[in-house]
Number of protein chains: 2
Amino acid sequence: MLTERQLEIVLSVVYEYIETGEPSGSRTISKKYLRGCSPATVRNEMADLEEMGYLYQPHTSAGRIPTPKAYRLYVDSIMQRKRLPHPVFRDWLSEMRSQRQDLETVMSYTSHLLGRMTSYIGVAAIANLEEVILQRVDFLRLGGETVLMVMILDGGIIHSRTVNISADVHQDLLDDLARTINSIASGKVWGKTKDILYTFLLKELEKLFNACRDAIAQMDMILSSSNYRLFTGGASHILSLPDFQDIGKLKAILSILEEEQVLVDLVERCSLEDGVRVTIGDENNSTGMNNCSIVTVSKRARGQKAVLGLIGPMRMDYERSISLLETLLKGLYK
Amino acid sequence: MLTERQLEIVLSVVYEYIETGEPSGSRTISKKYLRGCSPATVRNEMADLEEMGYLYQPHTSAGRIPTPKAYRLYVDSIMQRKRLPHPVFRDWLSEMRSQRQDLETVMSYTSHLLGRMTSYIGVAAIANLEEVILQRVDFLRLGGETVLMVMILDGGIIHSRTVNISADVHQDLLDDLARTINSIASGKVWGKTKDILYTFLLKELEKLFNACRDAIAQMDMILSSSNYRLFTGGASHILSLPDFQDIGKLKAILSILEEEQVLVDLVERCSLEDGVRVTIGDENNSTGMNNCSIVTVSKRARGQKAVLGLIGPMRMDYERSISLLETLLKGLYK
DNA sequence: ATTAGCACTCTTTGATGTTGAGTGCCAACT
DNA sequence: AGTTGGCACTCAACATCAAAGAGTGCTAAT
């Protein structure tokens with residue numbers, strides 16, 4: 001559909017725009033990327049490319065900037081190339097990992113690191129998959145009919161929630177319950193164990209079971225849904241980017257960052273399968289993110305899904321971002 | 001030091017500036033607040049007040065705006081007045097509290113609510129005091145010499161941390177350790193129990209103790225230091241304020257929000273004793289917050305210190321902010 | 001001590017002209 | 001047919017300038 005030369009021009013415009021942030025004219029493209037063609041030739045091609053929806057002219061006497069369609073072309077071409085791992089952080093990360101910090105610390109740090117290194121917004125998320133393994137559960141009577149339930153999953157994810165149960169149960173009974181559940185389900189895949197657990201509890205602990213039905217249902221709810229732990233970092237850095245000088249856009253993005261659920265949905269949609277995924281502009285149909293791109297890498301392992309991502313302007317440096325994300329994710333699992 | 005009339009003028013300028021955000025001239029003040037005086041009189045007084053450091057003129061032909069010194073005067077005068085509780089949210093809060101959500105959810109929600117209601121940045125923090133009560137501790141072998149330690153404090157605060165111990169200990173031994181610690185220290189004030197615990201463990205569990213010395217030292221560190229849980233919410237709303245249209249200021253504030261430790265220090269300094277505290281402009285000597293004020297209310301109870309706060313522009317609506325904070329804090333403890 | 005009057009200052013706003021980058025198109029060239 | 005040089009045209013960006021308006025400081029009168 002596109003001639004070789006047209007492709008080259010589109011990619012050059014994208015590359016130039018990512019570098020400089022300025023629209024580029026036919027003269028520049030001709031001089032820097034296509035020595036064989038005169039500016040006039042490039043001009044003609046550019047007019048065609050604009051018609052085809054790859055380039056866009058902010059105003060009559062300006063150069064061309066890429067449309068999302070052009071970015072898509074560019075990103076796809078990058079993805080075919082072989083990528084080198086990002087050199088800097090291998091040592092650093094393996095050290096961090098060897099210190100065996102707890103998961104939350106690592107995730108939080110990683111998101112900040114991502115933000116700081118790129119000036120985009122770093123995202124680090126982790127979710128348990130269907131095969132989640134329960135390590136341990138504890139119930140703690142807070143008073144009245146309220147119980148604090150703390151679940152520790154394989155890999156160190158901690159979920160806590162208060163639940164209301166239908167009777168004022170003594171702490172000793174709760175300890176009994178926890179001990180039973182732990183002995184049956186600890187270290188096992190929840191999905192395969194829970195039915196056994198249910199029937200066992202029904203038989204053995206009838207008196208307890210009624211009161212604690214809610215508690216167990218809540219456990220199941222948390223363990224069975226893909227429950228995300230999500231961290232973002234580096235939001236303050238995007239203010240340095242020329243792309244986000246407009247307060248309006250800024251506000252849209254920051255308010256999304258504050259609504260954790262929206263962000264989780266966004267990240268989830270972007271990481272349906274393992275590997276790199278780039279979502280450009282309004283490909284993520286989320287209001288307020290029209291001018292943003294999202295790059296994610298994700299990986300399933302050990303019953304968890306880990307996602308690292310970057311949210312940046314459409315003209316973000318995709319190549320560097322992808323390589324950085326891949327390196328960090330690999331580092332996390334070394 | 002200030003005459004009655006001078007005081008009135010200063011307060012009027014502050015009030016007017018909080019309302020409108022515009023410098024106010026002698027004419028306005030005379031017409032709206034001091035019908036008895038002509039603009040010329042007000043002008044003369046204003047010149048004096050500027051010399052005394054209460055007012056400031058952005059440029060020759062502009063009205064006056066308040067200096068931090070004037071805000072201080074204003075806030076002090078407010079604090080003497082009796083304050084009405086903020087009417088709206090009493091029902092709402094008691095309902096939330098009656099649902100017995102876990103602490104983190106409540107704090108996070110509160111900070112967002114504060115932000116949303118005021119368009120400033122809401123802060124909610126909680127710390128354990130010296131008399132912190134340990135409810136329960138669990139140790140979980142993650143592999144190698146790494147152990148995840150989960151502490152649940154009175155009131156539902158959860159602290160987790162991975163610790164390295166000096167030997168590869170079996171999970172059964174860790175369970176033993178936890179059971180022993182729980183039976184001795186659970187439900188008791190940590191400061192009073194820990195010595196008993198130490199000597200007991202030294203005697204009874206010699207073989208374990210060496211390996212777990214680090215773990216217990218870590219417990220002590222977390223429980224003995226005033227360890228803050230801190231939430232902020234509503235940062236995106238401040239972009240609507242005319243005061244923060246300047247990207248530079250914005251960046252300073254957002255980067256402080258991202259550095260949790262800086263923020264904790266800031267909040268801690270502001271809440272040394274119970275009750276309302278207002279810190280205006282550079283009274284908090286923190287770079288980047290020169291143009292901001294911080295209002296906090298804090299309260300000690302049940303071995304915890306709870307702090308609610310608002311970070312806003314110097315011309316924030318102190319009266320409304322204080323009343324809102326007081327109402328919410330009271331609501332949390334109802 | 002207070003006030004009216006007035007000249008003065010300084011920002012804000014809008015109009016106007018100039019510059020320069022970049023285009024679109026046409027005619028000439030290969 | 002594809003490519004190229006030339007040229008008129010467009011439009012944002014910038015600077016300059018004038019007018020308007022808000023508010024002051026000072027002085028002289030009350």
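Below, chains carry the letters A, B, ... as their sequence lines are ordered, and counting in each starts from 1.
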Hey, what's the ring geometry for A/Tyr33 with A/Tyr15, parallel, tilted or perpendicular (30° and 60° as the breaks)?
perpendicular
Separation of [X] atom [atom1] from [N] atom [atom2], in whole Å?
X: B/Glu50; N: D/dG25; atom1: CD; atom2: C1'; value: 12 Å
X: A/Gln57; N: C/dA21; atom1: CD; atom2: P; value: 16 Å
X: B/Gln6; N: C/dA1; atom1: CD; atom2: P; value: 13 Å
X: A/Arg27; N: C/dG20; atom1: CZ; atom2: P; value: 14 Å
X: B/Ile9; N: D/dT24; atom1: CD1; atom2: P; value: 11 Å
X: A/Leu55; N: C/dG22; atom1: CG; atom2: C1'; value: 14 Å
X: A/Asn44; N: C/dC25; atom1: CG; atom2: P; value: 9 Å
X: B/Tyr17; N: D/dG23; atom1: OH; atom2: P; value: 14 Å

Considering every strand and a 4.0 Å limit on heavy-atom distances, what is the contact class for A/Ala62: base, sugar-phosphate, or nothing?
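It contacts sugar-phosphate atoms only.
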Taking only side-chain N and O atoms of [X], does any of them lie within less than 4.0 angstrom of OP1 or OP2 on [N]?
X: B/Thr60; N: C/dC10; result: yes
X: B/Arg64; N: D/dG23; result: no
X: A/Thr41; N: D/dT4; result: yes
X: B/Ser26; N: D/dT24; result: yes

First encountered from the 5' end of DNA chain C, between B/His59 and A/Pro23
B/His59
Do the side chain of B/Glu258 and the main chain of A/Ala235 share a donor and acceptor less than 3.5 angstrom apart?
yes
Quiz question: by atom type and distance under 3.5 Å, do the side chains of B/Asp76 and B/Gln80 form a donor-acceptor pair?
no
If each of B/Ser61 and B/Ala40 is mapped to the nucleotide of DNA chain D with the nearest heavy atom, which maps nearer the 5' terminus, i.e. the 5' end?
B/Ser61
Under 3.5 Å, is there any donor-acceptor pair linking the side chain of A/Arg43 to the base of D/dG6?
yes
May I ask you to check whether over 12 heavy atoms, not counting those of B/Glu259, lie within 6.0 Å of atom CD?
no
Which of the following nucleotides, [options], is nearest to the side chain of [X]?
X: A/Cys37; options: C/dT9, C/dT23, D/dT4; result: D/dT4
X: A/Met46; options: C/dT23, C/dT2, C/dT9; result: C/dT23
X: B/Arg5; options: C/dC10, C/dT2, D/dC11; result: C/dT2

Per the side chain to side chain contact (heavy atoms under 4.5 Å, CB included) rule, which among A/Leu328, A/Leu308, A/Leu310 passes with A/Val297?
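Answer after filtering A/Leu328, A/Leu308, A/Leu310: A/Leu308.
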